[in-house]
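Only one structure is covered here, and it is reproduced in the block below.
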Amino acid sequence: MRLRHIEVFQAIVQTGSISAAARLLNVSQPNVSRVLNHAEQQLGFALFERHAQGMMLTAEGRRLLPEVDDLYQRLHAITQLTEQLRRGEGQTVRVGAAHAFGQMVLAPALVNWRQQAASVNVELVTEHFSTLCRMILDQQLDFALVFGQQVDAALMAEPLFHSSMVALLPAHERHTGPVTLSWLCANNLLMMQNQDPLGRVLHRALREQGLNPPVSLSIKTYSVIADMVLAGGGVGVVDLFTACRYADQLTLLPVAQPLPFEVMLISLRDQPQSQATLQLKQVIRDKLWAIARECEQRLL
């Protein structure tokens, strides 16, 4: 028997007549009769006896009924499961992020996401780039939001946004307009580490201008640079998102020399992703752009 045969058989058993079965299945009565006749022709025996009181199961039909009921319940369970999968119920999406994105982008993005998909579990990890890449390769994360740089051939990078780094000055600093790298060096520039993705951009720009900051302290976490500026330890250069977290406490200024950075989503290449994962990625994209526009407006 085909699935359509089983559906019609079950509907007739449930309702007791062809006309009622047609109404249950939302099809025409001739359509139900045609499917039933086709099923009985293929089987080589009748499933129902036609009486004035309605359709009565034959002996063969009664023997088939338990198996058909069992299969019908399984089909119903599959329908329920597909609906749960569509809504993401019971699924877990594992997200990684560079530290700079954890509070500024991922936190509000996940708040929005919970309002849309409260039944989907989310695991969030904030780590440095190399650790996030390794976790994706080990299939411990579904994707990660990071600053752009070269990735392993087994990973796929989706560019989301690009901008330039900005300068952080103490709130009392009266400097106006873009600041130069030479001015920053002369005012105790707190350095990013050279192996850091944004640090490489800054170090290269300093080398090109023959600048060598006297400060020997190198810092990997961008928020720590901002905290040190806040504590009076000098001036800093960070990404747009970290800078905006401190906009009410520090002075934010553009840097005269372009210090470009890119934001991207990385995931395992050729690895299918669940619908919930794809939806969460879109929420993160939208939130990233909204925050970026707000940050750029502050600089203007």
Side-chain angles (χ1 to χ4, degrees), residues 91-111 113-114 120-163 165-166 168 190-204 216-228 236-246 259-274 276-285 287-288 291-292 295:
Q91 296 186 53
T92 298
V93 181
R94 303 161 302 171
V95 185
H99 292 293
F101 297 121
Q103 291 177 295
M104 195 66 190
V105 178
L106 266 295
L110 289 178
V111 169
W113 170 247
R114 296 300 293 172
V120 180
N121 301 311
V122 178
E123 296 177 1
L124 173 61
V125 174
T126 56
E127 271 292 353
H128 295 298
F129 179 82
S130 57
T131 303
L132 293 172
C133 288
R134 185 174 66 253
M135 292 182 73
I136 292 175
L137 290 170
D138 292 342
Q139 299 191 35
Q140 297 174 1
L141 291 176
D142 295 308
F143 67 93
L145 183 66
V146 298
F147 290 107
Q149 58 180 303
Q150 191 68 32
V151 298
D152 188 282
L155 297 176
M156 179 178 66
E158 304 173 56
L160 297 185
F161 174 79
H162 62 87
S163 186
M165 287 182 269
V166 299
L168 292 182
L190 300 164
M191 289 298 297
M192 296 175 167
Q193 292 185 2
N194 193 27
Q195 64 269 32
D196 180 83
L198 302 194
R200 282 196 289 269
V201 175
L202 177 58
H203 281 262
R204 182 171 60 248
S216 60
L217 182 60
S218 295
I219 304 167
K220 189 172 182 64
T221 303
Y222 309 150
S223 59
V224 174
I225 293 177
D227 286 333
M228 290 196 66
V237 172
V238 296
D239 65 281
L240 192 64
F241 302 97
T242 300
C244 278
R245 283 186 57 203
Y246 292 82
L259 298 173
F261 71 88
E262 187 176 44
V263 181
M264 62 189 189
L265 285 171
I266 57 172
S267 56
L268 201 59
R269 188 178 297 277
D270 302 325
Q271 179 73 28
Q273 296 186 326
S274 69
T277 299
L278 296 174
Q279 290 171 350
L280 177 54
K281 287 170 76 171
Q282 187 58 51
V283 170
I284 292 172
R285 287 188 188 95
K287 179 57 66 175
L288 178 82
I291 293 171
C295 292

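Here the structure is a predicted model, which is why all the values come from computation and not from measurement. Numbers for residues simply follow the sequence, beginning at 1.
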>> Quick check on side-chain contact (heavy atoms from CB on, under 4.5 Å): which of Leu280, Leu268, Leu278 does Phe143 satisfy it with?
In response: Leu280
> Distance from Leu168 atom CG to Arg245 atom CZ, nearest 0.5 Å?
Replying inline: 11.5 Å
> So how far is it from Arg269 CZ to Leu155 CG, rounded to the nearest 0.5 Å?
Replying inline: 8.0 Å
> Do the non-hydrogen side-chain atoms of Met192 and Tyr222 ever get within less than 4.5 Å of each other?
Replying inline: yes
>> Whether the side chain of His203 engages the backbone of Gln195 through a donor-acceptor N/O pair (distance < 3.5 Å, no angle test) should be reported.
In response: no
> Of all heavy-atom pairs between Gln273 and Asp142, which one has the smallest distance, and what is that distance?
Replying inline: NE2-O, 3.5 Å
> Can you find a heavy atom in the side chain of Arg134 that is under 4.5 Å from one in the side chain of Glu127?
Replying inline: no
> Gly236 and Ile225: which non-hydrogen atoms are nearest, and at how many Å?
Replying inline: CA-CG2, 3.9 Å
> Rounded to the nearest 0.5 Å, how far apart are CG of Asn121 and CZ of Arg114?
Replying inline: 6.5 Å
> Can you check whether Ile291 reaches Pro108 side chain to side chain, under 4.5 Å on heavy atoms?
Replying inline: yes
>> Are the side chains of Val263 and Phe261 in contact, using a 4.5 Å heavy-atom criterion?
In response: yes
> If every non-hydrogen atom of Met264 is compared with every non-hydrogen atom of Pro159, which pair is closest and at what distance?
Replying inline: CB-CA, 4.0 Å
> Run the side-chain contact (heavy atoms from CB on, under 4.5 Å) check on Thr126 and Phe101 step by step: do they pass?
Replying inline: CA-CA 8 Å; Thr126 56; Phe101 297 121; over 6 Å; no
> Of the non-hydrogen atoms in Met165 and Val237, which two are nearest, and what is the gap between them?
Replying inline: CB-CG1, 3.7 Å
>> I need the minimum non-hydrogen distance between Thr242 and Asp239, along with the two atoms involved.
In response: OG1-OD1, 2.6 Å
>> Would you compute the distance between atom CZ of Arg94 and atom CD of Gln139 and round it to the nearest 0.5 angstrom?
In response: 7.5 Å
> Does Val125 reach the side chain of Thr131, with side-chain heavy atoms less than 4.5 Å apart?
Replying inline: no
> Which value, rounded to the nearest 0.5 Å, describes the distance between Gln149 atom CD and Cys133 atom SG?
Replying inline: 7.0 Å
>> Quick check for you: to the nearest 0.5 Å, what is the distance between Leu265 atom CG and Lys281 atom NZ?
In response: 6.0 Å
>> Measuring only between side-chain heavy atoms, which start at C-beta, is His128 closer than 4.5 Å to Thr221?
In response: yes
> Looking only at heavy atoms, which two atoms of Ala97 and Ala144 are closest? And how far apart?
Replying inline: N-CB, 4.4 Å
> ring-ring contact (aromatic ring centres under 6.0 Å, His included) between Phe147 and Phe129: does it pass, once the steps are laid out?
Replying inline: CA-CA 8 Å; Phe147 290 107; Phe129 179 82; 9.7 Å; no
